[in-house]
Amino acid sequence: MGLLSRRATCNTHGQDSSYFLGWQEYKKNPYNEVNNPNGIIQMGLAENQLCLDLLEPWLMKNPDALGLKRDGISIFKELALFQDYNGFPAFKRALVDFMGEIRGNKVSFDPNHVVLTAGATSANETLMFCLADQGDAFLLPTPYYPGFDRDLRWRTGVEIVPIHCTSSNGFKVTLPAIEQAYRQAQKRKLRVKGVLITNPSNPLGTTMARDELYLLINFIEDKQIHLISDEIYAGTVFTSPSFVSVMEVLKDRNLDQTQVWERVHIVYSLSKDLGLPGFRVGAIYSNDPVVVSAAIKMSSFGLVSSQTQYLLSAMLFDKKFTKEYMSENHKRLQKQQKDLVSGLEKAGIRCLDSNAGLFCWVDMRHLLKSNTFEAEMELWQKIVYHVKINISPGSSCHCIEPGWFRVCFANMLESTLKLAIQRLKSFVSSIAMKSQSHQELKSLRRKARNNWVSRLSLQSFYDREQDTTTEVSFSYRPHFMSLSNIAATLDAAA
Ligand SMILES: Cc1ncc(COP(=O)(O)O)c(C=O)c1O
């Protein structure tokens, strides 16, 4: 142990958070409709598998892109040999055009401001290395993507100070919350270098309103710090309000060519919008030439391979295809989100209103035994091990209210989603029954103290319970009559 570096042995990676633990449990017992129908359903992974069937036919129709050919002639040697780490100009052009298209062409991007990285993971870390030193801080609105603890902190030594947002206003960022986080950082003697937002938000599945973006820009202008906007989910906005990029707001306020302009940086990736996380394609977009130059030098630690750039430039240059793909992607995301929201509603579970992303932010506060994170963890364990669904507890996203969970919906078939909802419904009804059974027993006991007739009822209640279940302790045993009643009610609602 003593021979290893501090970085290798420290635990700031977050590997032991419930977010990653849930993945491990899923891996041990993954659901499969045919081979493992009782396995764990993975709803803790923000993966977009809904449109892979559109990508594959494109590849079939464009064999040169996959076969590393140009006009039918092999360019294998050209791609296999040394790659200039600035990235292929053709790919950067195709990528910025695609970024503009996703934003309704309200803003355009210059390929010279782009740095290619191995996914948004690498883009975020590279920006930390460019903008902050070890011990400096970035402010992040909560709840935030659990991977940020790894991406922003682990190897850079940068600190994350949470901006606590709450359900009281739908988890929107407010000035008092930002100022409180800033004061908190100062108390800890940390130098605040910037604010990092995710728009659309992971885990909320919501887009940021223009006034929130104004507020953030005013704040970073006032404090002379940076703003990073991780816009990895920009192309997943499936219903109104439409997506507003921070770049659009800067332009609206005529802030281009100012100092603030140079302190705003965008992170993007094709992992979510195109559903290609395995290709590892991300980007930093910055208006500061010094940041671009430093990030390009750093990007040699995580370049995008030549054949990936070649293949994807061909795909992204096919404007007819990308347009149709995005429109179909929105439709499918919307349908799957709607199915999840309405299915959960029938089980008495509500979701935060959302219009984007690959997940819903789900309110299960009423299912907690107490308003604590211990109770949230207990509920999460039941859902993973008994209900056999992996979801991510709000605490792994640094939410300060116990009982919220992120539930992903775009990495599965419609039939798997239906099964997951069915499992959750049965679980909720079993909780309702336990609670009803418990209440009923308490009330019978109370009456029995005063009344011999009720004593008989209590006896018959015990007898009935003995008949129906034997393996669980009495106070937690489901009430047979209530079970059928509640199941019937839930079925009727369905
Ligand atoms: C907000 C956010 N940023 C970055 C990433 C990492 O993405 P990539 O696969 O491109 O590294 C994710 C992945 O879930 C994410 O949700």
Side-chain angles (χ1 to χ4, degrees), residues 13-14 17 19-20 22-23 42-49 95 98-99 102 114-128 138 140-156 160 162-163 165 171 173 195-208 227-237 243 245-246 265-285 295 298-299 301-305 308-309 312 333 354 356-361 390-392 394 396-399 406-411:
H13 175 280
S17 98
Y19 174 69
F20 289 114
W23 289 8
Q42 172 63 298
M43 298 186 94
L45 182 63
E47 204 170 58
N48 185 1
Q49 296 185 15
L95 186 67
F98 184 61
M99 287 168 69
I102 286 171
V114 170
V115 182
L116 297 179
T117 58
T121 302
S122 170
N124 277 315
E125 190 193 54
T126 303
L127 271 177
M128 286 301 116
F138 259 77
L140 265 72
T142 66
Y144 63 74
Y145 162 54
F148 280 149
D149 292 320
R150 170 198 63 200
D151 306 351
L152 309 179
R153 290 168 60 203
W154 184 40
R155 300 196 301 183
T156 64
I160 295 176
I163 301 171
C165 303
F171 295 95
V173 178
V195 180
L196 186 147
I197 54 169
T198 306
N199 182 27
S201 162
N202 175 6
L204 301 176
T206 53
T207 44
M208 273 194 155
L227 176 62
I228 299 175
S229 178
D230 182 334
E231 300 186 355
I232 188 170
Y233 295 99
T236 68
V237 185
F243 175 60
S245 167
V246 69
H265 320 274
I266 288 184
V267 165
Y268 188 56
S269 150
L270 297 179
S271 298
K272 314 295 176 180
D273 293 352
L274 273 192
L276 297 173
F279 277 31
R280 309 309 303 139
V281 183
I284 294 168
Y285 188 90
M298 289 185 198
S299 75
F301 294 99
L303 294 175
V304 183
S305 76
T308 301
Q309 290 189 53
L312 291 177
L333 286 171
S354 64
L358 313 175
F359 27 72
C360 285
W361 187 238
N390 177 42
I391 56 178
S392 308
S396 68
C397 305
H398 300 266
C399 183
R406 189 191 74 166
V407 180
C408 298
F409 56 76
N411 59 330

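First listed ligand is number 1; within each ligand, the first listed atom is number 1. By convention here, the first residue in the shown sequence is residue 1.
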Top protein contact for atom 3 (N) of ligand 1, by heavy-atom distance: D230 OD2, 2.7 Å
Students should be able to answer this: which protein heavy-atom is nearest to atom 14 (O) of ligand 1, and at what distance? K272 NZ, 2.7 Å
Between the main-chain N or O of Y144 and the side-chain N or O of T142, is there a donor-acceptor pair closer than 3.5 Å? no
Can you report which non-hydrogen protein atom sits closest to atom 7 (O) of ligand 1, along with the distance? I232 CD1, 3.3 Å
Rounded to the nearest 0.5 Å, the OH atom of Y145 sits from the OG atom of S396 at a distance of 11.5 Å
Are Y233 and ligand 1 in contact, using a heavy-atom cut-off of under 4.0 Å? yes
Would you say the ring centroid of H398 lies under 6.0 angstrom from that of F148? no
Would you confirm whether E231, through its side chain, and V246, through its main-chain N or O, come within 3.5 Å as a donor-acceptor pair? yes
Is T236 reaching over with its side chain to a backbone N or O of Y233, donor-acceptor style, under 3.5 angstrom? yes
Any N or O of A120 that comes nearer than 3.5 Å to an N or O of ligand 1? yes
Below 4.0 Å, non-hydrogen atoms only: which portion of T121 touches ligand 1? Side chain, backbone, both or neither. both
Which ligand 1 atoms, with their elements, are less than 4.0 angstrom from a heavy-atom of G119? 10 (O), 11 (O)
Keeping R406 on the side-chain end and G44 on the backbone end, is there a donor-acceptor pair under 3.5 Å? yes
Ignoring hydrogens and angles, tell me if any N or O in the side chain of N199 forms a donor-acceptor pair with the backbone of S201 under 3.5 Å. no
Could you say whether the N/O atoms of T198 and ligand 1 ever approach to under 3.5 Å? no
State the atoms of ligand 1, each with its element, that fall below the 4.0 Å cut-off from a heavy-atom position in R280. 8 (P), 9 (O), 11 (O)
Flag, side chain of D273 to backbone of G235, donor-acceptor distance under 3.5 Å: yes
Residue S271 vicinity, atoms of ligand 1 by number, heavy atom under 4.0 Å: 8 (P), 9 (O), 10 (O)
Please report whether ligand 1 has a polar contact with S269, defined as an N or O pair separated by less than 3.5 Å (distance criterion only). yes
